[in-house]
Amino acid sequence: MQSVDVVVIGAGFAGLTAARELGRSGFEVLTLEARDRVGGRTWTEHRLGHELELGANWVHWVQPHVWAEMSRTGREMIRSPRAEEAYWRGADGSARQGTLEEFMALIEEGQQLVIDDVREAMPRGDQPTVGAIQELDALSIQDRFDALGLDPEARAANESVWVGHVNAPLDQVGLSSALRWVAATGGHWQLMHEASSTYRVVGGMREFTAEIARQVPGEIRLGTTVVSVAQDADGAVVETADGTRIRARRVVSTLPVNAIRGIAFSPALPEVWERQAAETVASQGTKVWLRAEGHMPRFFAYGTQHDALSVLKAEFSLSDEQGDYTLLVGFGPEHARVDPEDLASLQAAVDAVRPGLRITAATAHDWMTDPLSRNTWMTHRPGQLTRDLTELQEPSGAVHFATTDNANLWGGFIDGAIESGLREARRVAESLRP
Ligand SMILES: Cc1cc2nc3c(=O)[nH]c(=O)nc-3n(C[C@H](O)[C@H](O)[C@H](O)COP(=O)(O)OP(=O)(O)OC[C@H]3O[C@@H](n4cnc5c(N)ncnc54)[C@H](O)[C@@H]3O)c2cc1C
């Protein structure tokens, strides 16, 4: 049986970072990744005539762990195109069109009111469970909107912006998610918007993660699904789907909460993991790329929170033998309502938020039904953050847990994944040193 110091399960940002740090600290590390590629929930693919991010896309310099990796791997950023037109749906469901400035004026008051108490609720972004959030965590984002008394037009627009951010119906998402994101940007919602949806990495996530993978001293074994982790007095035995068994002194699991049940742990997972995996976290939406005929002014469009697509943006203007076309990226709060094979229903979903376009093709990856993720970008249900975050960070014997789902600062984002990888690499190293 092969024997190593540490097995890292998963080669997303958390796993790659943990493996690199441990390898560079002199430990023998083996990374086991079920997919045939590294990157996890980041995935750059050539589809619809362009390199597309099917998973994560945007990064920002206020994300300190991302920024350190950008510097370390020599990455540059590029700004997504500025919208020249804005579309939204009024309180009566009818279409509105205006400028970006008009839409921002419509949402300004509501965006501030949703997070107005962030300084008391969550004074420090790096300590998301400290503050009045302890009393507020039972609230959903919908509860907060219901209490604000916004003008109906402004309320509809503000709700759709937040549903785009949190990737789930607002009555299922904790207010904590809104507060966390804004606490991470010093209390400024405008900066939060910019940080979460503006700059993408030149060369895409594929080159970014490939560069980190090149820095990992140990082997990264692709196409290798871990099925069980059995602890004993010497550490743990990790078994893969083809029956291979590997002994490790420590194991770092980077599986998302929703997917952790894909591995049989013995002893069983700590109660906190079982509980959250059973409940699932709140995020449950989708991201879809659409090909629309012709070129057009760059726009963004917001539906209502009840539309299949809550957000739609024009990203790339392209041409091929069939003519000019524009690639749009859309987000919806319920993954099952967006089927890239069903162009008629996608056309209807687009018509609802941005009339006048003809959709000719679409592509997406359903991360919610993917057994290796079962999640998009994590947002919590009401109560989960303060009840579970600290415990989710605790190792269980020889098994450590590094995932964006248990990060402090930008939990749910790439930044959180890197933070968790660094944290657990340090803890594992400390536990192995004589
Ligand atoms: C559509 C979408 C859009 C997003 N947009 C953004 C964005 O713009 N900006 C941002 O910062 N974040 C975004 N995110 C979130 C971001 O992608 C994640 O937070 C981050 O990539 C998570 O990294 P991770 O290492 O914690 O988990 P993952 O990337 O999920 O890595 C876990 C790894 O474990 C592997 N694995 C699972 N089970 C097993 C097993 N049994 N055996 C072996 N390997 C296994 C998986 O294949 C995977 O590679 C987005 C996510 C999605 C899905």
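Just follow the structure's listing: the first ligand is 1, and inside any ligand the first atom is 1.
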- Task: Flag the pair M122 / L385 as yes when at least one side-chain heavy-atom distance between them is below 4.5 Å, and no otherwise.
- Result: yes
May I have the N/O to N/O pairs between ligand 1 and the protein that fall below 3.5 Å, each with atom names and distance to one decimal?
residue	atom	partner	partner atom	Å
ligand 1	8 (O)	N57	N	3.2
ligand 1	8 (O)	W58	N	2.9
ligand 1	9 (N)	W58	O	2.9
ligand 1	11 (O)	I414	N	2.9
ligand 1	17 (O)	R41	O	3.4
ligand 1	19 (O)	G412	O	2.8
ligand 1	19 (O)	F413	O	3.3
ligand 1	25 (O)	F13	N	3.3
ligand 1	25 (O)	A14	N	2.9
ligand 1	26 (O)	T404	N	3.0
ligand 1	27 (O)	R41	NH2	3.2
ligand 1	29 (O)	R41	N	2.8
ligand 1	30 (O)	R41	NE	2.8
ligand 1	30 (O)	R41	NH2	3.3
ligand 1	41 (N)	V226	O	3.0
ligand 1	42 (N)	V226	N	2.9
ligand 1	44 (N)	A34	N	3.2
ligand 1	47 (O)	E33	OE2	2.6
ligand 1	47 (O)	R35	NE	2.9
ligand 1	49 (O)	E33	OE1	2.6
ligand 1	49 (O)	E33	OE2	3.3

- Please check if the side chain of S420 supplies one atom and the backbone of T403 the other of a donor-acceptor pair under 3.5 Å. yes
- Using modelled atom types only, decide if a donor and an acceptor are shared between the side chain of T44 and the backbone of M205 within a distance under 3.5 Å. yes
- With no hydrogens and no angle check, is any side-chain donor or acceptor of E69 less than 3.5 Å from a backbone partner on V66? no
- Query: For R247, does the CZ atom have more than 12 heavy-atom neighbours from other residues, nucleotides or ligands under 6.0 Å away?
  - Reply: yes
- Centre of Y302's six-membered ring, under 6.0 Å away, within 45 degrees of the axis: is that where NZ or CZ of R89 sits? no
